[in-house]
Amino acid sequence: MAELHDLTALEQAEGIRSGELSPVELTEHYLTRIERLDDTLGAFLTRTPEIARKQASDAESEATAARREGRSLSPLHGVPVPVKDLNQVAGVRCTMGSRALAEHVPTVDDHVVHKLRAGGTILLGKTNTPEFGLPCYTENGLAPPARTPWDPTRSAGGSSGGAGAAVAGGLAPVAHASDGGGSIRIPASVCGLFGIKPSRGRVSGGPLLHDVSGLATSGPLARTVADAATLLDVMAGAMPGDPYAAPELPPGETFAAHARRDPGRLRIACLTDAPVPGVEVHPDCRTATTDTAALLTGLGHDVEELSLPTDEGLLHAFTRVWSVLAANRPLPPEGEELLMPLTRYLRARGAEVSGTDFTRAMYAFRILAQSLADGLMPPGTGYDVILSPTVAAPPVPVGALRHDADPQAEFSAIGAFTPFTALYNATGQPAVSVPLQWNAEGLPIGVMLAGRYGDEATLIALSAQLEQARPWAGRTPSMW
């Protein structure tokens, strides 16, 4: 018999609108599962059951009134959506995965949290993240590691590993996540989920934690394309003070609607070699990509092999910018000695980057974005989508990428595991990870689709077409 967590987020929302499902009942179901499974999965840094129960009660009252008065509700009204602990929720501890901020309680909501509140979603808690979201695993000094439910000896990825573990383990129907170098798509790949890194400026990063580099953005993690697209609708929209703003959809359009549309015939480039020198791509990841290329061809798309020249310049530019961002994280005076070795290493490197070097690195990102827009993906004549592996290897054991004694070696290992994802943070383009493949060990192997700047709609429509051709949401881990 189906349980509440078997329902998609949209099915849950429809049940709430019709009165067949209570937000209070739904919230209690997830709180019970969190209590039972979270010690194994490491999905949450902070649980907020009191807030969740109050919000669920309010959502139920509002849904009852809306039915009586014939009013519409937000598409995810009453649905639980946890928030990653890099983002601020007023009155709730926000650690950013760091012992140095273990008792930090903000007084204002981030803009994306304001959008989630306005959408009537329910806060189950703050999901686990590595310190400041810097590495691609989720291990810190505050909570157990985030683990993929498909094999709890292996990492759920990062930095949205807690969000990935929560959704893949049935502790939440969907989750807020964020991505500065792959941090939505990496957990999506290793947890068997669909994740969207939106275009730069699609979701506000304000009001206090604007990423001046433009690398990072919030986005959704979900089990289905339609759920993710709907959560993106809830989170999206420019806010006063935003330094970037992605092109808006036409009036009346939604991303959710594009999950129900045919993408048309697309020209797709297939990239299997890493654009970073010296990185070997695991055969499982190559196979997943070439198999997806064959599926796309069978669906009527034009798929061509693509090889990008390896370029150490982008890696150097990204390292400079990433280090500066780490160095600029504000800390209390006594906080430095509480930091993880990798964080201290990156902050030291960032402090050495001159303003001129930082500007050159940012300029390299802009030149790369322009060259892709003009040379590889011009509208009408270029590729519509680029297909590649999401990561270069299957899910790795917990602790496999960490090297506290040699953080420089650790940072290199992180780069070798994630050579594809940061490209689209640098350019600002949207990209998604699609869970079409599982290897012989039963581990999920994601593939990535990237589109033109501002064109999440095409990626959503294409992903939905793939989902229809090879459904994945019914495939769940044993602990489900």
Side-chain angles (χ1 to χ4, degrees), residues 45-46 48 81-118 123 125-135 138 140 142 158-163 175-184 197-221 232 234-246 318 321-332 335-336 339-340 343 346-347 350-351 358 362 365 422 425-426 428:
L45 269 167
T46 300
T48 56
V81 183
V83 172
K84 183 177 175 180
D85 203 36
L86 291 185
N87 283 88
Q88 299 187 125
V89 177
V92 177
R93 185 178 74 142
C94 182
T95 72
M96 300 190 183
S98 177
R99 291 189 300 153
L101 298 174
E103 305 305 323
H104 172 58
V105 179
T107 57
V108 298
D109 287 340
D110 281 348
H111 284 153
V112 67
V113 172
H114 170 77
K115 297 269 190 180
L116 291 170
R117 284 191 195 271
L123 180 70
K126 303 293 294 297
T127 54
N128 204 356
T129 184
E131 194 162 65
F132 304 151
L134 294 172
T138 300
N140 55 51
L142 293 170
S159 62
S160 305
H176 161 272
S178 62
D179 190 317
S183 293
I184 291 172
K197 183 205 86 70
S199 296
R200 179 176 294 145
R202 178 70 65 200
V203 181
S204 175
L208 298 178
L209 300 175
H210 288 291
D211 173 9
V212 296
S213 72
L215 291 177
T217 178
S218 290
L221 274 169
L232 181 58
V234 172
M235 292 193 292
M239 297 288 282
D242 285 354
Y244 310 103
F318 185 86
V321 174
W322 203 241
S323 300
V324 169
L325 296 180
N328 282 337
R329 286 289 186 181
L331 286 178
E336 200 76 32
L339 298 178
M340 306 281 284
T343 307
L346 289 173
R347 285 171 69 87
F358 181 78
M362 292 294 298
F365 291 169
N425 298 89

Donor-acceptor contact present, side-chain Arg99 to main-chain Leu142, <3.5 Å: no
Minimum heavy-atom separation for Gly205 and Asp242, please, with both atom names. N-OD1, 4.4 Å
With side-chain contact (heavy atoms from CB on, under 4.5 Å) as the criterion, how do Val321 and Met362 come out once you've worked through the C-alpha distance, each side chain's angles and the decisive distance to 0.1 Å? CA-CA 8 Å; Val321 174; Met362 292 294 298; 4.1 Å; yes
Name every donor-acceptor pair, under 3.5 Å, that has one atom in a side chain of residues 125-133 and the other anywhere in the protein, sequence neighbours excluded.
residue : atom : partner : partner atom : Å
Lys126  : NZ   : Asp85   : OD1          : 2.8
Lys126  : NZ   : Asn87   : O            : 2.8
Asn128  : OD1  : Asn140  : ND2          : 2.9
Asn128  : ND2  : Gly42   : O            : 3.0
Asn128  : ND2  : Pro144  : O            : 2.9
Thr129  : OG1  : Ser159  : O            : 3.1
Glu131  : OE1  : Met340  : N            : 2.8
Glu131  : OE1  : Thr343  : OG1          : 2.6
Glu131  : OE2  : Ser98   : OG           : 2.8

Do the ring planes of His210 and His111 sit parallel (below 30°), tilted (30 to 60°) or perpendicular (above 60°)? perpendicular
Is the shortest heavy-atom distance from the side chain of His176 to the side chain of Ser218 under 4.5 Å? yes
Gln88 and side chain to side chain contact (heavy atoms under 4.5 Å, CB included): which single residue from Val113, Leu208, Thr107 fits? Leu208
Looking at Ser178, is its backbone amide N or carbonyl O close enough to the side chain of Ser160 to form a donor-acceptor pair, meaning the two atoms are under 3.5 Å apart? yes
Where is the tightest heavy-atom contact between Ser204 and Gly206, given as atom of each residue plus distance? OG-N, 3.2 Å
Decide yes or no on side-chain contact (heavy atoms from CB on, under 4.5 Å) for Val92 and Val83, but give the supporting numbers first. CA-CA 11 Å; Val92 177; Val83 172; over 6 Å; no
Any non-hydrogen side-chain atom of Lys84 less than 4.5 Å from a side-chain atom of Leu221? no
Would you mind reporting whether Met96 and Leu209 have side-chain heavy atoms less than 4.5 Å apart? yes
Quick check against the 3.5 Å criterion: does Arg93 have a side-chain atom that pairs as donor or acceptor with the backbone of Glu103? no
Decide if atom NE2 of His104 counts as having more than 12 heavy atoms of other residues, nucleotides or ligands within a radius under 6.0 Å. yes
Heavy-atom closest pair, residues Trp322 and Gly180: CZ3-O, 3.5 Å
How long is the gap from CZ on Phe365 to CG on Leu215, to the nearest 0.5 Å? 5.0 Å
Taking all atoms of both residues into account, what is the closest heavy-atom pair of Asp211 and Ala216, and its distance? OD2-N, 2.7 Å
Evaluate Asn425 against Lys197 for side-chain contact (heavy atoms from CB on, under 4.5 Å), listing each step before the verdict. CA-CA 9 Å; Asn425 298 89; Lys197 183 205 86 70; 3.5 Å; yes
Can you check whether Asn328 reaches Val212 side chain to side chain, under 4.5 Å on heavy atoms? no
Run the numbers on Val203 and Leu232 for side-chain contact (heavy atoms from CB on, under 4.5 Å), then give the verdict. CA-CA 8 Å; Val203 181; Leu232 181 58; 4.1 Å; yes
For the atom pair CZ (Arg329) and CG (Leu86), what is the distance rounded to the nearest 0.5 Å? 6.0 Å
Tell me, please, which residues at least two apart from Arg117 pass side-chain hydrogen bond (donor to acceptor under 3.5 Å, both in side chains). Asp109
